[in-house]
Number of protein chains: 2
Amino acid sequence: MRQRPSVTDVASVAGVSVGTVSNVLNRPDRVSGPTRARVEKAIADLGFVPSASARQLRAGVAQSVGAIVLDLANPFFTSVMRGIEDRLAEESLALMVSSTDDDPARETHFLRMYEQHEVRGILVTPVGTDHSELAAVRDRGTRVVLMDSDGDSAFPGVSVDDAHGGHLAVAHLLDLGRRRITFLNGPSTIRQCLDRLTGARRAVVDAGLNPDEVLTERVLPALNADAGEAAAHALLALPRSERPDAVFCVNDLVALGVLRTLLRAGVEVPQRIPVVGYDDIGFASMLMVPLTTIRQPTHQIGWSAADLLLRPQPESLAQVRFSPELVVRASSVAAG
Amino acid sequence: MRQRPSVTDVASVAGVSVGTVSNVLNRPDRVSGPTRARVEKAIADLGFVPSASARQLRAGVAQSVGAIVLDLANPFFTSVMRGIEDRLAEESLALMVSSTDDDPARETHFLRMYEQHEVRGILVTPVGTDHSELAAVRDRGTRVVLMDSDGDSAFPGVSVDDAHGGHLAVAHLLDLGRRRITFLNGPSTIRQCLDRLTGARRAVVDAGLNPDEVLTERVLPALNADAGEAAAHALLALPRSERPDAVFCVNDLVALGVLRTLLRAGVEVPQRIPVVGYDDIGFASMLMVPLTTIRQPTHQIGWSAADLLLRPQPESLAQVRFSPELVVRASSVAAG
DNA sequence: TTGAAAGCGCTAACAT
DNA sequence: ATGTTAGCGCTTTCAA
């Protein structure tokens, strides 16, 4: 296999200088028609492909962006990635990705890796709340944009209004006339969970009711279908008078477990107990009883984060905040 | 913001030459203890981060790999990506990804982009069967490895034995005593579909039965849950004597639609009609009736493709072939 | 409009 | 063990 041709090779085949080849590549208008044609022919004949690293070294501007998420296999992040991809495609930038699996050491490792690659910037879903490593990277000159952050940090970023999401879900159940709502939540140490609870309670207050009477929070040990199933069993074991007349779940996986359990036990959904989830994962609409849920604009989160990175901001700490959206399906309102 | 420090800065702060700094970075054993300590201190004090592009330009060896898949939002590819990630992490290589959305023009675009980045190699799920662009890239010196290919091409790659998968599914249903099996398949123009049909028929023959009597193929217009639902309705509309006593679906989404429809119609699954899917997507185990399915080793596909790329192969066209696996759940065998 | 030449940050060969 | 230096492929003045 012969060596990759360089601008020098192109120049000599075309009978011009390397400067002219570079101009054909970057400022074709500066080059006369015939010359440009000769150079382009040489490029094609040689199969010349410019070297991104040489270009970056000399011009100082990167052709890539780094993204660090918790887990690429999670549909939420996957959709976010597609949003990033779409924004980067507009500028022909390469996207580097990695998953931290909630490990701060991995996060640091990948930050450093992207820093070495001198990427245009790094889009991060931070593992923890200690952003000192992120700050160090930023202070060394690499732009950092947060995704799904708390919307109140020292970095630019995009976030979703979780309190509003909680509000939407519970207001919907109240609209349906329900007054004994159980919220199957995660621990309040997770900001998203805390915010959703806050919004849920506010919805009750806004309806002129007493949250302590109407809304009962139960904190789950995990946020998956099995935990939802266990919680649903516990609810069914309660004396009739204490049983909820509606369930709001902190995510769709939990809702899935709840739904499965209620249906198996012969509890009619939504007539006896409507169920609302959170996230609108792809499967929510395909279940036996399609799931009412709170949709987050995942694609837009990614797109906007990339946009925040690429577009020069008036103020460098710009925050973009999205509102989630209620998607009503059969698990809360009988088909009609 | 001050300029990024370079090896020259580190050298002058540490009072050594740039060669020594480079040695500390790449061959620390060549440097004496005290000197190395001084250099490392200078690196830390300055916040020096080596430039990957300068290193690549000089050393000629890339720190990144490119991956091109049909759609990053598809759980199948996501899992493959995690496999790639895991293999690359072993060598601290960055992973660049992009989705073609089945568009050959996009595929070409990304191939070229990665070529410019002079990646170690490119892992591709090709859009079509015309691999001439891939061949051009390879002939210019970039390694190309195929994923989920037909296992019989001019490129190294990994593939899965779809005929075996079809065989496993139908053999399982035959074992259950079923003799009127409907296979809800995709068009035979898709290689995977054709191979699965071949395997399915062979399973019948291997059982000493006549495939034309035992196995009926129905080709669906789409391979999603709605198509499965429509197909299931059609099956239920058949006269009793022509109704199948088992259904094998070309993927889990189709199976999901079938399952939903049968259950709603009051058909007992698995007692009356066992259902088998294909892929073992995450949700297969979480359905009302957990789905029996054929699992593909997605993570391993990615891992092995990356391994094929990175590890010097004895023969450059090495093929890795995986066997899918039957996962029995309640949709084919009543819980016990 | 085109050419000549410097130099981006780094590694590796060679010299000391 | 450490220093010196050429040069990877490219862009970008500056000159012609």
Side-chain angles (χ1 to χ4, degrees), chain A residues 2-40 42-43 46-64 112-113 115-119 140-142, chain B residues 2-40 42-43 46-64 113 115-120 140-142:
Chain A
R2 173 175 92 284
Q3 186 84 353
R4 258 174 98 125
S6 74
V7 276
T8 313
D9 300 318
V10 174
S12 77
V13 166
V16 297
S17 73
V18 294
T20 299
V21 176
S22 177
N23 279 333
V24 169
L25 255 28
N26 303 298
R27 275 106 72 216
D29 44 301
R30 285 227 205 307
V31 183
S32 77
T35 308
R36 194 170 67 214
R38 278 216 316 288
V39 172
E40 279 164 352
I43 287 176
L46 289 170
F48 166 78
V49 176
S51 156
S53 50
R55 176 183 302 212
Q56 168 161 354
L57 183 59
R58 177 63 238 219
V61 53
Q63 306 302 317
S64 55
R112 189 177 181 73
M113 183 164 92
E115 213 181 342
Q116 296 194 188
H117 279 272
E118 293 160 291
V119 295
R140 270 183 238 122
T142 301
Chain B
R2 175 175 91 279
Q3 185 82 354
R4 260 174 97 126
S6 74
V7 276
T8 313
D9 300 318
V10 173
S12 77
V13 166
V16 299
S17 72
V18 293
T20 300
V21 175
S22 176
N23 280 333
V24 169
L25 257 26
N26 303 298
R27 275 107 69 212
D29 43 302
R30 287 229 204 306
V31 183
S32 77
T35 307
R36 195 170 66 215
R38 279 215 318 286
V39 172
E40 280 164 351
I43 287 175
L46 290 170
F48 166 77
V49 177
S51 156
S53 50
R55 176 184 303 215
Q56 168 161 353
L57 182 58
R58 175 63 236 222
V61 52
Q63 305 303 317
S64 55
M113 183 165 92
E115 213 180 343
Q116 295 193 191
H117 279 273
E118 293 160 291
V119 295
R120 284 273 180 97
R140 272 183 238 120
T142 301

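For the residue pair A/E115 / A/T142, no side-chain donor-acceptor distance below 3.5 Å is found, with atom types taken as modelled.
Comparing A/E118 and A/S32 by the nucleotide of DNA chain C whose heavy atom lies nearest to each, the residue mapping closer to the 5' end is A/S32. Between B/G33 and A/R27, the one whose closest nucleotide on DNA chain D sits nearer the 5' end is B/G33. Nearer the 5' end of DNA chain C, as judged by each residue's closest nucleotide, is the contact made by A/G15, out of A/G15 and B/L57.
A/V39 places none of its side-chain heavy atoms less than 4.5 Å from the side chain of A/N23. Side-chain contact between A/R55 and A/N26 is present, with heavy atoms from C-beta onward closer than 4.5 Å.
The closest donor-acceptor contact from the side chain of A/R4 to the backbone of A/V49 lies under 3.5 Å. Of the possible donor and acceptor atoms, one in the side chain of B/R36 sits under 3.5 Å from a partner among the backbone N and O of B/P28. Within the 3.5 Å criterion, the main-chain N or O of A/H117 finds a donor-acceptor partner in the side chain of A/Q56.
Residue-level contact check: B/S22 touches the bases, meaning some heavy atom is under 4.0 Å from a base atom. If you check every strand for non-hydrogen atoms under 4.0 Å, A/T8 touches nothing. Using a 4.0 Å heavy-atom distance criterion, B/V21 is classed as making no nucleic acid contact.
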Donor-acceptor contacts under 3.5 Å from residues 5-15 of chain A side chains, at least two apart:
residue	atom	partner	partner atom	Å
A/S6	OG	A/T8	N	3.2
A/D9	OD2	A/S6	N	2.7
A/S12	OG	A/D9	O	3.2

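Counting 5' to 3', DNA chain C first comes under 4.0 angstrom of a heavy atom of chain B and last does so at the ends given by C/dG9 to C/dA12. With a heavy-atom cut-off of 4.0 Å to chain B, the contacted part of DNA chain D has its first and last nucleotide at D/dA1 to D/dG9.
Here the closest non-hydrogen pair linking B/R140 and A/G47 is CD-O, 3.4 Å.
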